[in-house]
2 protein chains.
Amino acid sequence: MSPRDVTPRAPLYARIEQRLRDAIAEGRYGVGALLPTEAELCATLKVSRHTVREALRRLVEAGLVERRQGAGSIVIAREPPRGEVFGIPSIDGLMRYGDDTRLLINHRGMAPLGREEAALAQGEVGEMWLSVQGLRIGQDGRPLATTDILIHPRFAAIGPDLPERGAIHHAIERRFGVEVAEVVQEISAGPLPAAAADALRRKRRATGMLLMRRHVLTDGQTLLVSRNWHPAEGFTYAMRLRRQEG
Amino acid sequence: MSPRDVTPRAPLYARIEQRLRDAIAEGRYGVGALLPTEAELCATLKVSRHTVREALRRLVEAGLVERRQGAGSIVIAREPPRGEVFGIPSIDGLMRYGDDTRLLINHRGMAPLGREEAALAQGEVGEMWLSVQGLRIGQDGRPLATTDILIHPRFAAIGPDLPERGAIHHAIERRFGVEVAEVVQEISAGPLPAAAADALRRKRRATGMLLMRRHVLTDGQTLLVSRNWHPAEGFTYAMRLRRQEG
DNA sequence: ACGGGCGAGTTGTCCGGACAAAAGCGGCGC
DNA sequence: GCGCCGCTTTTGTCCGGACAACTCGCCCGT
């Protein structure tokens, strides 16, 4: 048995798929052009329709071709779509805290949205939202950030069960069977508000960074808005985004 | 023709797929369990093997089942994997500038990496990298940010052709046929360095925000590192991440 | 000139068959 | 007890056929 026999032979449909991929890549069938029909491929290549169809199905799966009953197989891309999306594995990557920090809540209750808050939350001025205020504490008891969260009234029942560890939005997703579709995040820097400076044991008007985050549901509605003040000194907000498959 | 006839009947394979999906979701076949064999399904459902195979192929495609020749079809997930990845449509979303800003380069040339730069770039101290310094200018001529870029020596030939508009990493990708796989971004706040404060027409030690970004290639190598100082006043770094399909 | 209907061509669904390749299981030997 | 071998079972590849559903172009009627 010669070394040549060790190499497993690719299935016929895979070889036909590759031939068609090459033909498309070389521009023999440009974008918008029709590939040969199934019948033509069967006749030309001397294979069954079943085999041709499997090859074509894979081209569809790869995003190179679109097939329409009665019309034929049309080339829609010269190359497999390459991902341009860069992403993070989960929202938790935005949150800045591992499971070793705790949220100390010092106030929770329904409160009317002010003008600024209504704009942030995309709610109505005066509308009653669940307002939660607290301090994020590290493992050593050191305060890391102040936090100020507004939760949509639809999910206000979560109030008594807010998690000390882990993300509030996850708890809401689980409890109410909803799903965050989008997160809008804004980062700015400026002097710490007086209350935040005190809570974080920093001088009044020391520089801080404000992380504002709005979680949006699939239907476009705001789930919650959070504002977190961090002391700027020694704080770096890091993020790692990876290219996603196309 | 009654209204009932208007509803197109789902193909047989789709109905079988759905039955199997329901059975998996209800826990009738738990994760790790074997589904009935093709032969069993054909006999039970009184359909051809072709139809059963198509239904099973779709379960594989959906990520619920794995099939192994000789062994059978094993359930690997109870529910279709739900995306946890949140992403941005492209890196351009990180860059802060539309096409209406320009990069005014005031220095470019090979320079050795210092200690701090070597750490940022994940290169060697003393290694010669292409160093580019400049000012990001708005449409009205107002300075928006200072920028300081280190480009890997492998791509130093881009030096004379750095784009005034648009992203440098795109120009490098195109010219050298490489691909950014990952971006690491770090945001911090602190007093503007003297040179940056002057260039941005701000008081010395005014608060600024530093955006550091490292672009990593598919092989893990650094393409470039950029550091941009923005005045903190009036500057908000915003980002919108959307949940990606699973 | 425009719209509708019809026919030819093309893909989609579904049937049946055959052989190959891989995995699993049981029995036997060391 | 472990490993090897042979047989059975299960999925993978590929063939062929038939009918349904859809698309597109052409022709005819208004």
Side-chain angles (χ1 to χ4, degrees), chain A residues 1 4-21 23-24 29-77, chain B residues 1 4-21 23-24 29-77:
Chain A
M1 183 153 79
R4 180 190 36 149
D5 292 333
V6 176
T7 313
R9 184 168 158 104
L12 210 38
Y13 61 80
R15 285 184 274 134
I16 293 164
E17 178 198 352
Q18 192 56 55
R19 273 173 74 156
L20 292 170
R21 278 178 179 253
I24 292 168
Y29 301 108
V31 173
L34 279 172
L35 289 181
T37 65
E38 293 178 1
E40 281 165 349
L41 289 168
C42 294
T44 306
L45 302 171
K46 305 217 170 12
V47 295
S48 82
R49 190 178 167 216
H50 174 98
T51 307
V52 161
R53 289 180 60 77
E54 178 62 15
L56 289 168
R57 188 192 64 76
R58 287 160 160 268
L59 291 181
V60 171
E61 197 169 73
L64 293 176
V65 164
E66 210 169 82
R67 283 159 62 66
R68 204 168 302 167
Q69 189 170 340
S73 308
I74 185 167
V75 176
I76 59 171
Chain B
M1 184 154 81
R4 180 186 38 139
D5 292 335
V6 176
T7 310
R9 184 170 160 104
L12 210 38
Y13 62 80
R15 284 184 274 134
I16 293 165
E17 177 198 352
Q18 191 57 55
R19 274 173 74 158
L20 292 170
R21 276 177 181 255
I24 292 167
Y29 302 107
V31 173
L34 279 171
L35 288 181
T37 64
E38 295 179 0
E40 283 165 351
L41 290 167
C42 293
T44 306
L45 302 170
K46 304 213 168 18
V47 296
S48 82
R49 189 177 166 216
H50 174 98
T51 307
V52 161
R53 289 179 60 76
E54 178 62 17
L56 290 168
R57 190 193 63 77
R58 287 159 159 268
L59 292 181
V60 171
E61 197 170 74
L64 294 175
V65 164
E66 210 168 81
R67 282 161 58 68
R68 205 168 302 168
Q69 189 170 338
S73 310
I74 186 167
V75 176
I76 58 171

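Note on naming: letters A, B, ... go to the chains in the order of the sequence lines (proteins, then strands), and numbering restarts at 1 for each one.
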Regarding Arg58(A) and Glu61(A), does a basic nitrogen lie under 4.0 Å from an acidic carboxylate oxygen?
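Salt bridge absent between Arg58(A) and Glu61(A).
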Between Glu54(A) and Arg57(B), does any side-chain N to carboxylate O distance fall below 4.0 Å?
no
Nearest heavy atom decides the nucleotide; on that basis, is Glu54(A) or Ala71(A) closer to the 5' end of DNA chain D?
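That would be Glu54(A).
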Do any side-chain nitrogens or oxygens of [X] fall under 4.0 Å of OP1 or OP2 in [N]?
X	N	value
Ser73(A)	dT10(C)	no
Arg68(B)	dT10(D)	no
Arg67(B)	dG12(D)	yes

Pairs under 3.5 Å (N/O, protein and nucleotides 14-16 of chain C):
| from | atom 1 | to | atom 2 | distance (Å) |
| --- | --- | --- | --- | --- |
| dC14(C) | OP1 | Leu12(B) | N | 2.7 |
| dC14(C) | OP2 | Leu12(B) | N | 3.0 |
| dC14(C) | OP2 | Tyr13(B) | N | 3.3 |
| dC15(C) | OP2 | Ser48(B) | N | 2.9 |
| dC15(C) | OP2 | Ser48(B) | OG | 2.7 |
| dC15(C) | OP2 | Thr51(B) | OG1 | 2.3 |

Would you give the length of the straight line joining atom CG of Leu12(A) to atom NZ of Lys46(A), rounded to the nearest 0.5 angstrom?
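So the CG of Leu12(A) and the NZ of Lys46(A) are separated by 13.0 Å.
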Measure distances between side-chain N and O atoms of Gln69(A) and base N and O atoms of dA21(D), and say whether any donor-acceptor pair falls under 3.5 Å.
yes
May I ask you to decide if Ala10(B)'s main-chain N or O and Arg15(B)'s side chain share a donor-acceptor pair within less than 3.5 Å?
yes
Scan Ile24(B), Leu20(B), Ile74(B), Ile76(B) and name whichever one has a side chain to side chain contact (heavy atoms under 4.5 Å, CB included) with Val65(B).
Ile24(B)
How many whole angstroms separate atom CG of Leu34(A) from atom P of dT10(C)?
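So the two atoms are 10 Å apart, to the nearest Å.
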